[in-house]
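Basis for what follows: all heavy atoms, side chains included, without hydrogens, waters or symmetry-related copies. Not measured: the values here are computed from a predicted model. Start at 1 and go down the list; that is how both ligands and their atoms are numbered.
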Amino acid sequence: MNKQTLLLAALMLAASLGLHAQTRHFVIEAGKQGAEIQPTMYGHFFEDINFGADGGLYAELVKNRSFEFPQRLMGWRTFGHVTLHDDGPFERNPHYVRLFPASHHEKRTGLENEGFFGIGLRAGESYRFSVWARGEKQKLRVELIDPASASESQVLASADLDVDSPEWHQYEVVLTPGAPHPKAHLRIFYASAGGHIDLEHVSLFPVDTWKGRRNGLRKDLVQALADTRPGVFRFPGGCIVEGTDLGTRYNWKNSVGPVENRPLNENRWQYTFRHRFFPDYFQTYGMGFYELFLLAEDMGAEPLPVVNCGLACQYQNNDPKAHVPVDSLDTYIQDALDLVEFANGDSLTTEWGRLRARMGHPEPFGLKYLAVGNEQWGPEYVDRLEQFVKALRKHYPDLHIIGSSGPNSEGKDFDYLWPEMRRLKVDLVDEHFYRPESWFLQSGSRYDDYDRRGPKVFAGEYACHGRGKKWNHFHASLLEAAFLTGVERNADIVHMATYAPLLAHVEGWQWRPDLIWFDNLRSVRTCSWYVQALYGHNRGTHVVPLTMEGRPVSGQEGQEGLFASAVWDEPTQSYIVKVVNTSDQAQPLLLDFKGMKKARLAEGTCTTLHSDNPDAENTLDAPATITPQESRVTVTDGRSVSTEIGPMTFAVYRFVKAGK
Ligand code: AHR
């Protein structure tokens with residue numbers, strides 16, 4: 001035997017004896033039930049950023065359907081004889097177009113809408129075209145077309161529509177394209193011999209929206225949201241709550257009632273980043289507060305609206321005059337009180353409850369949480385919040401009020417705000433952290449020493465932003481999983497956590513990374529999405545203490561990049577252990593369930609999320625590059641498990657308890 005063969009044999013022997021790495025002995029105090037884990041623990045935060053609402057979740061396919069964009073015909077191309085008017089039937093959206101017969105030279109009259117990065121069509125699916133129109137003995141021809149067609153026919157579907165009334169009425173027709181197209185256009189021809197026809201609120205929706213609702217939401221995207229089993233749903237922002245100035249803040253009252261009369265608002269994400277400028281990005285409020293409450297209800301999540309506190313975006317407004325003076329907040333406070341009434345008020349005896357009922361939901365939405373202000377800071381915030389707290393406590397003593405700890409996870413603003421939040425006795429404090437890998441690696445113990453008196457924590461916006469890696473790569477999601485073990489271990493103080501941002505159109509994003517990406521027809525669940533889903537599906541009901549050598553497993557020195565937490569799940573009578581190995585070495589584990597008396601563990605599964613490539617990601621073209629894999633785990637003596645966690649792996653172990 002030569003030297004090399006000897007060395008190889010020795011290595012093989014060492015490996016077979018399991019000497020390659022020290023076994024990590026996790027003690028799980030199965031007999032001890034710790035803090036309750038709130039059903040709200042893992043959820044979603046929705047903001048209309050990255051074309052998340054119009055052009056995204058909101059299934060409307062026509063851009064600038066009411067001709068209210070500042071450039072009234074943006075998104076439209078007109079041909080022939082078309083004029084614009086502003087005395088239409090909807091007071092807050094007064095513009096409409098009038099179509100006349102084409103002149104001899106023009107040949108045809110009509111208009112064409114480009115949709116949001118085109119209009120995504122599926123073959124054989126039905127699309128409902130609707131329009132408010134006025135005209136006597138008039139005819140329209142409606143077409144879905146391939147604008148770049150090289151074939152003989154551009155037309156993917158077409159239908160005729162008769163309009164015959166001097167009054168405004170809504171008309172509709174369903175079109176079913178025979179071929180798919182990711183970037184079709186909508187074309188409308190004037191098809192009468194004489195006279196004219198007026199058109200307003202020109203709309204096209206897939207018939208097959210989420211739950212088949214009119215004015216509905218895109219099904220695949222809602223499904224992706226619901227599939228994580230979110231417990232809380234925060235909306236509508238984010239910075240858009242604040243507005244670049246107060247005039248452009250998100251005003252929830254403008255987002256309810258008939259869609260045709262919800263006024264357009266700008267979207268600050270249109271111009272926030274010069275390198276990602278989208279001049280055609282506006283908020284129609286088609287998906288407004290009613291639709292958002294409904295969505296929360298559909299997902300089984302607690303709705304958590306955020307209201308403006310009288311401050312415009314503080315990043316963009318240094319001048320105190322940009323904000324509402326502290327003694328003039330009445331309208332803003334009233335808006336917050338009315339919002340609670342809209343959500344919960346009696347459907348017959350309250351003004352806003354009546355509106356909710358008229359919109360189709362007489363039963364209350366059961367609102368329990370309200371955030372005042374988004375990412376605010378300084379005494380200017382505290383002084384305003386105080387007024388809201390007084391009024392909200394007076395009218396709705398049971399409402400859980402959420403205050404802000406500013407834009408940073410630590411530092412001057414954060415240190416100032418937390419004691420102030422305690423003083424104001426808010427129920428939860430919203431923390432935001434978009435942080436690099438190093439921060440996530442070091443923050444496994446973040447909540448271990450938090451002051452337990454006073455407000456609870458809502459990690460309202462967070463994501464791991466890899467340095468120089470602004471895509472949803474695996475390593476970032478692994479560190480998010482690691483961080484969440486600390487959130488879970490501290491469920492007595494952390495009651496909610498929501499990743500941000502949620503949605504992004506591949507052609508229309510402003511901010512990366514994001515949880516779910518989509519184009520006009522497809523969507524992809526990122527590896528961060530899978531982390532959220534694994535936590536959502538394995539939330540458990542109570543924390544169970546888990547230690548290694550007497551210490552929590554939170555990536556501390558000597559813990560070789562391991563993070564772990566354990567929970568008990570009452571409905572399924574199961575223990576769930578989450579382990580994240582952030583190192584590049586496989587690590588043998590001994591899961592030792594102590595204090596179970598006669599009970600034993602009957603069976604086990606292990607679900608892992610792993611990639612050999614830390615930079616790998618799921619994409620629209622390769623959506624299943626990184627997905628969870630499940631295997632069975634053997635329980636040796638009814639209470640301990642010898643296993644191994646691979647390098648760079650998030651593992652969720654589940655064991656059903658047998659016997660009492
Ligand atoms: O999620 C994107 C933005 O980040 C939010 O609008 C804001 O709250 C934070 O600064």
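Taking the six-membered ring where the residue is Trp, the centroids of Phe563 and Phe483 are separated by 6.0 Å or more.
The shell of residues lying under 4.0 angstrom from ligand 1, judged by heavy atoms, excludes Pro407. Using a 4.0 Å heavy-atom cutoff, Trp269 is listed among the residues neighbouring ligand 1.
One side chain, Glu297 or His361, offers a donor N or O that lies under 3.5 Å from an acceptor on the other. For the residue pair Glu461/Tyr434, the side-chain donor-acceptor check at 3.5 Å is satisfied.
Shown in contact with Pro501 at under 4.0 Å from a heavy atom are these atoms of ligand 1, numbered in order with element: 1 (O). Those atoms of ligand 1 that come under 4.0 Å of a heavy atom in Trp511, given as number and element, are 2 (C), 3 (C), 4 (O). Applying the 4.0 Å criterion to heavy atoms of Asn374 picks out, from ligand 1, the atoms 7 (C), 8 (O).
Remark: His505 engages Asn520 in a side-chain hydrogen bond (donor to acceptor under 3.5 Å, both in side chains) (not counting sequence neighbours). Not counting sequence neighbours, Glu375 has no partner by the salt bridge (Lys or Arg N to Asp or Glu O under 4.0 Å) test.
Between atom 7 (C) of ligand 1 and the options Glu461, Glu242, Glu47, the minimum heavy-atom separation is to Glu461. Of the candidates Tyr499, Tyr434, Tyr315, the one placing a heavy atom closest to atom 2 (C) of ligand 1 is Tyr434.
Taking distance alone, with nitrogen or oxygen atoms compared against 3.5 Å, Cys239 approaches ligand 1 more closely than that limit. Annotation: Glu375 places an N or O atom under 3.5 Å from an N or O atom of ligand 1; distance criterion only.
Residue-level proximity to ligand 1 for Ile240 is absent, since no heavy atom of it falls below 4.0 angstrom.
Asp327 has no carboxylate O lying under 4.0 Å from a charged side-chain N of Arg384, or vice versa, which leaves the two without a salt bridge. A salt bridge does not link Lys63 with Asp54: every distance from a Lys NZ or Arg NE/NH1/NH2 to an Asp or Glu carboxylate oxygen is 4.0 Å or more.
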